[in-house]
Each structure stands twice: as structure tokens, then as C-alpha cells.
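What follows is one structure encoded as C-alpha cells, with my remarks underneath.
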Amino acid sequence: MEFSHLSIFIALSLALVVATNAVLPPELYWKSKLPTTQMPKAITDLLNPTDWTEEKSTSVAVGKGGVNVDAGKPKPGGTAVNVGKGGVHVNNGKGKPSGGTAVNVGKGGVNVNTGKGRGKPVRVAVGKRSPFDYIYAATETQLHDEPNVALFFLEKNLHYGTKLNLQFTKTTSNNEAKFLTKQVADSIPFSSNKVESILNRFSIKKGSEEAEIVKNTINECEENGIKGEEKLCVKSLESMVDFTTSKLGNDVEAVSTEVKNESSELQQYVIAKGVKRLGEKNKAVVCHKENYPYAVFYCHKTDTTKVYSVPLEGVDGNRVKAVAVCHTDTSQWNPKHLAFQVLNVQPGTVPVCHFLPQDHVVWVSK
């Protein structure tokens with residue numbers, strides 16, 4: 001597939017951003033801002049593998065093979081952005097050119113390959129509205145989506161011995177899209193009045209299911225939050241850190257659900273000993289992974305949220321270090337939200353809790 005001048009211009013623009021801005025990579029930015037905060041698995045899973053050294057230089061070359069940005073390794077590898085017949089490729093591979101992370105914009109949409117063997121490319125998944133957006137009524141699809149329905153429970157049941165039917169899969173959005181660096185993410189439009197431009201940039205066909213997902217995600221991000229909620233969709237790890245520290249300060253803990261073995265179906269879990277309250281007071285920032293071509297998180301801070309670490313044991317022997325969030329004030333939620341229909345309670349009457357999927361992150365003050 002031949003690429004338009006627009007695609008080449010976009011790739012060259014991204015290449016120049018990488019080449020001309022001497023900034024910290026996301027991992028080092030985290031360490032500079034949060035030196036005592038451990039990075040949870042939900043974050044490390046979304047980082048592009050890098051091998052940063054002070055000696056590396058960066059060069060930009062435009063030739064027959066496309067636009068290349070190389071981080072300066074003597075052997076093939078480093079960081080490269082290539083525009084050619086195969087799409088737009090971003091490669092930071094070690095050794096062989098195929099060993100790094102590739103972002104390919106081509107006929108099939110947007111693919112991300114982390115370079116581990118031949119691994120499957122990641123596409124914008126055709127998904128459902130998030131059950132964690134509280135201004136919406138439950139859709140018929142959500143009401144019959146057992147894994148999401150099972151996530152909700154009442155705080156009074158959050159204790160040793162409670163049995164729950166749950167399913168833990170790698171992501172709820174079927175979207176393993178990685179983080180872009182802040183300067184690259186900020187250079188890409190993210191606005192409902194720029195949707196056509198966004199679809200063109202990622203070679204997503206208008207009217208396709210992928211296009212609808214992109215539009216829905218942007219619309220959700222642009223809508224006002226419920227009363228008492230401060231929200232922001234962050235497009236990079238750096239932006240997530242900045243938003244969180246602006247709300248909670250720098251002495252924070254970041255946690256996510258960790259699963260020993262993923263399951264393909266619902267099974268019974270029992271809450272084991274060791275349920276623990278995390279953070280001070282009822283303040284937390286919760287970041288939910290969105291469905292998008294690159295990693296975007298819907299982050300929101302409220303003062304009516306309790307966070308718990310919950311050990312779970314499955315009937316098959318699987319062990320889960322789950323993170324649960326309990327909302328003490330649901331009076332502003334949509335009365336027909338999924339949680340109320342599942343639990344048969346009314347808004348604002350009792351605390352509503354839910355487990356967080358593996359690709360979501362909760363931040364609390366230490």
C-alpha cells in the first residue's frame with residue numbers, strides 16, 4: 001500500500017519531535033517525580049522496551065526506505081520511525097531491526113508490536129462502553145456481559161470468606177496499546193472536532209467499528225464529570241504522573257490488580273485473609289484504560305472513594321492480588337447505571353464497590 005504525503009509528513013513530524021527534544025523517557029520521568037513509588041504492573045506492561053544510555057545520539061534520515069530516527073547504536077536497532085510500503089514503523093529494537101517496538105499504520109488499522117518473537121499485532125478493539133463511567137445507564141449488552149457484571153459488589157461483603165464469581169483476563173478493552181512519549185502524544189490531535197484528521201493519521205476507515213470506538217473514547221473524555229469529580233484523559237505516562245501529583249502530591253502509591261493465571265471463564269473466588277485499606281481518608285485517583293490506538297487513560301479524582309487490597313483464591317488454585325474501589329457517595333450516578341441494576345440498590349444509599357481489571361491503576365496518598 002502506498003502512503004499519502006500526509007502520512008509521510010506525520011511520520012516525519014513525529015521523528016523530528018523525537019530527534020530535537022532532549023527529554024527524559026517515561027520511565028526516568030517517573031523516577032524523577034516519584035523516586036519512592038514503585039511502578040505497578042499495569043504501567044510496566046504498557047512501556048515500550050528501551051535501552052537508554054547517555055552515550056546515545058539521535059539522527060534523522062529521509063531516504064528510499066522512509067523516515068528513520070536512530071538512537072545511535074552501532075548495530076541495527078535503536079529508535080526508528082520508518083515510512084514505507086509497510087506503514088509507519090517505530091522501532092527501538094536491540095540488535096536485529098525486528099527486535100523492537102513497531103507501530104504500523106497500514107491497511108488493517110493501527111498495530112503495535114513489542115518485538116517479542118512474532119507476537120500478534122494489537123488493534124483498536126471493537127468494545128463496549130466502560131462500566132466505570134458513572135453518568136451512563138447500562139446498555140443491554142452490559143447487562144449480559146458476565147465478567148463486567150461480576151465486578152460489582154457491596155462493601156458489607158468485603159471480608160474474609162466471601163465467595164464471588166469472577167473472571168480475570170488480561171484487559172477489559174482487548175487493547176494492549178502501549179504508551180507514547182508525552183511529546184509524541186501531544187503532537188497528535190485528540191478532539192471531537194479533529195476526528196477526521198485522527199482517523200486519517202491512523203488509516204482507520206470512516207464508518208468502521210474502529211472509527212466508532214475512536215469517536216466514543218474522545219467523546220467520553222470530553223464530557224463533564226459528575227459533581228465532585230475531577231477528571232482528565234491522559235495520553236502519556238508523564239501526563240498521568242502530572243495529573244495525579246497535582247491532586248495527591250508526590251508521596252503516593254500506585255497499585256493495580258495482579259493475576260497469577262488468567263482465566264477464560266467465570267469461576268468462584270473466595271476472599272482470603274489480609275484485606276487491607278490503602279491510602280488516607282477517602283481520596284484517590286483512579287485511571288481506567290480506554291480503547292484507543294495508543295495508551296489513553298480516563299483518570300478521575302474524588303473525595304468519596306475507599307481503596308482496598310484484596311487477596312483472592314480461586315477454586316482452581318489461582319491467586320489474585322486484587323484492587324477494589326468502594327464509592328461512598330453514588331448519589332450523582334445515573335440511576336440506571338450497571339452497578340445499581342446488578343446489586344438492586346438505589347443511588348446514594350450504600351457504598352458500591354468493584355474490582356479493577358488488570359489494566360487499570362489506582363493512586364492513593366501514602
Side-chain angles (χ1 to χ4, degrees), residues 33-34 37 40 42-43 46 127-138 142 148 151-152 155 171-173 175 179 182 185 190-192 216-250 252-257 278-292 294-308 322-335 337-340 347-348 351-365:
K33 291 286 188 178
L34 306 169
T37 301
I43 296 295
L46 300 180
K128 302 169 282 291
R129 189 180 295 283
S130 169
F132 308 115
D133 199 332
Y134 308 118
I135 67 173
Y136 292 107
Q142 282 183 327
N148 277 337
L151 290 173
F152 292 96
E155 189 178 29
T171 68
T172 54
S173 60
N175 178 14
F179 278 116
K182 186 177 188 302
F190 189 84
S191 169
S192 55
N216 287 341
T217 294
I218 292 174
N219 287 338
E220 288 178 11
C221 286
E222 290 183 341
E223 286 171 341
N224 293 327
I226 61 176
K227 185 179 179 181
E229 176 189 45
E230 299 175 69
K231 58 170 279 192
L232 178 70
C233 280
V234 297
K235 302 184 296 176
S236 65
L237 179 57
E238 299 95 318
S239 294
M240 184 188 293
V241 169
D242 290 345
F243 176 77
T244 300
T245 54
S246 73
K247 305 304 176 186
L248 301 177
N250 290 70
V252 293
E253 180 180 8
V255 293
S256 63
T257 293
L278 302 178
E280 299 177 350
K281 301 180 181 179
N282 291 346
K283 294 183 178 180
V285 171
V286 183
C287 295
H288 307 284
K289 183 114 188 297
E290 292 290 314
N291 208 350
Y292 209 68
Y294 53 89
V296 171
F297 280 79
Y298 176 114
C299 294
H300 57 129
K301 180 252 183 183
T302 69
D303 296 334
T304 58
T305 302
K306 298 179 185 178
V307 181
Y308 294 91
V323 175
V325 171
C326 293
H327 302 273
T328 60
D329 182 5
T330 60
S331 60
Q332 301 298 314
W333 292 20
N334 190 304
H337 185 270
L338 179 64
F340 301 135
V352 170
C353 304
H354 59 81
F355 290 110
L356 286 175
Q358 290 168 261
D359 55 354
H360 296 204
V361 183
V362 183
W363 298 78
V364 294
S365 298

What is the distance from atom [atom1] of [X] to atom [atom2] of [Y], rounded to the nearest 0.5 Å?
X      : Y      : atom1 : atom2 : result
Lys306 : Glu155 : NZ    : CD    : 4.0 Å
His360 : Phe355 : NE2   : CZ    : 14.5 Å
Leu151 : Leu338 : CG    : CG    : 8.5 Å
Ser365 : Asn250 : OG    : CG    : 10.5 Å
Cys287 : His300 : SG    : NE2   : 8.0 Å

Does [Y] offer a backbone N or O that forms a donor-acceptor pair with the side chain of [X] under 3.5 Å?
X      : Y      : result
Asn291 : Thr217 : no
Ser246 : Phe243 : yes
Thr257 : Val323 : yes
Thr328 : Thr304 : yes

With Lys231 via salt bridge (Lys or Arg N to Asp or Glu O under 4.0 Å) - residues at least two apart: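 Here no residue qualifies.
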
By salt bridge (Lys or Arg N to Asp or Glu O under 4.0 Å) - contacts of Glu230 (at least two apart):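 Per chain and number, Glu230 pairs via salt bridge (Lys or Arg N to Asp or Glu O under 4.0 Å) with Lys247, Lys301.
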
With [X] via side chain to side chain contact (heavy atoms under 4.5 Å, CB included) - residues at least two apart:
X      : value
Ser331 : Asp329
Pro40  : Trp30, Ile43, Ala254, Ser256, Val361
Lys283 : Leu248, Asp303

Going by the rule side chain to side chain donor-acceptor pair (under 3.5 Å), which residues pair with [X] if we only count those two or more places apart in sequence or in a different chain?
X      : answer
Asn282 : Arg277
Lys182 : Asp186
Thr305 : Thr302
Ser191 : Asn193

Non-neighbouring partners of Phe340 that pass ring-ring contact (aromatic ring centres under 6.0 Å, His included), sequence neighbours left out: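 Partners of Phe340 under the ring-ring contact (aromatic ring centres under 6.0 Å, His included) test: Trp333.
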
Set of ring-ring contact (aromatic ring centres under 6.0 Å, His included) partners for Tyr308, sequence neighbours left out: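 For Tyr308 there are no ring-ring contact (aromatic ring centres under 6.0 Å, His included) partners, ignoring immediate neighbours.
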
Whether His288 and Tyr298 hold their rings parallel, tilted or perpendicular, with breakpoints at 30° and 60°: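 The arrangement is tilted - the two ring planes meet at 30° to 60°.
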
Check SG atoms, Cys221 and Cys233, less than 2.5 Å apart: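 The answer is yes, since Cys233 and Cys221 bring their SG atoms under 2.5 Å apart.
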
